[in-house]
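For reference, the structure discussed in these notes is given below.
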Amino acid sequence: AARIRACDSLQEVLQARSFPIEDLQAWDVEMVADWLSREVGLPQYEEAFRENSIAGIELIDLDDSKLDVNIGVKNKLHRKKILTRAAHLLGAKPKTKGMLEIDRQI
């Protein structure tokens, strides 16, 4: 198994491994908002995700900076929680400082 380290966005995780992302790419803005509320437990950001049209394809490309600057998630722990839960959707493991680490079979 190869270990891929220091990915700073979910897009890099997708590029680093084969994952059937069609389901996640098909998520619309409301599905992402529902996930954010129910699965992540941060309903206070639903409106910001809607206003920024964050659908599944955009969720894949989120990183700490985009959450902070573009979407307005100022709480660092909330950004980490969102990125960690998004990483779990992709089968990735969170790493320190908001980075992701995944194992995959070659």
[X] [atom1] to [Y] [atom2] distance, which is reported to the nearest 0.5 Å:
{"X": "N75", "Y": "D68", "atom1": "CG", "atom2": "CG", "result": "10.0 Å"}
{"X": "L67", "Y": "K74", "atom1": "CG", "atom2": "NZ", "result": "10.5 Å"}
{"X": "E58", "Y": "N70", "atom1": "CD", "atom2": "CG", "result": "11.5 Å"}
{"X": "L62", "Y": "I82", "atom1": "CG", "atom2": "CD1", "result": "8.0 Å"}

Intermediate values then yes/no, side chain to side chain contact (heavy atoms under 4.5 Å, CB included), H78 and Q44: CA-CA 10 Å; H78 289 178; Q44 64 269 39; 3.3 Å; yes

Taking all heavy atoms of [X] and all of [Y], pick out the closest pair and write down the distance.
{"X": "E46", "Y": "S37", "answer": "OE2-CB, 3.1 Å"}
{"X": "Y45", "Y": "G72", "answer": "CE2-O, 4.5 Å"}
{"X": "I71", "Y": "A48", "answer": "O-CB, 3.6 Å"}
{"X": "A86", "Y": "W35", "answer": "N-CZ2, 3.6 Å"}

In one Ile/Leu/Val/Met/Phe/Trp/Tyr side-chain cluster, 4.5 Å: L24, I57: yes

Connected via hydrophobic side-chain network under 4.5 Å: V29 and F49: no

Qualifying residues under salt bridge (Lys or Arg N to Asp or Glu O under 4.0 Å), relative to D34, sequence neighbours excluded: R38

Results of side-chain hydrogen bond (donor to acceptor under 3.5 Å, both in side chains) for R79 - residues two or more places apart only: D64

Set of side-chain hydrogen bond (donor to acceptor under 3.5 Å, both in side chains) partners for E30, sequence neighbours left out: R50

Any donor-acceptor pair under 3.5 Å from N52 side chain to I54 backbone: no

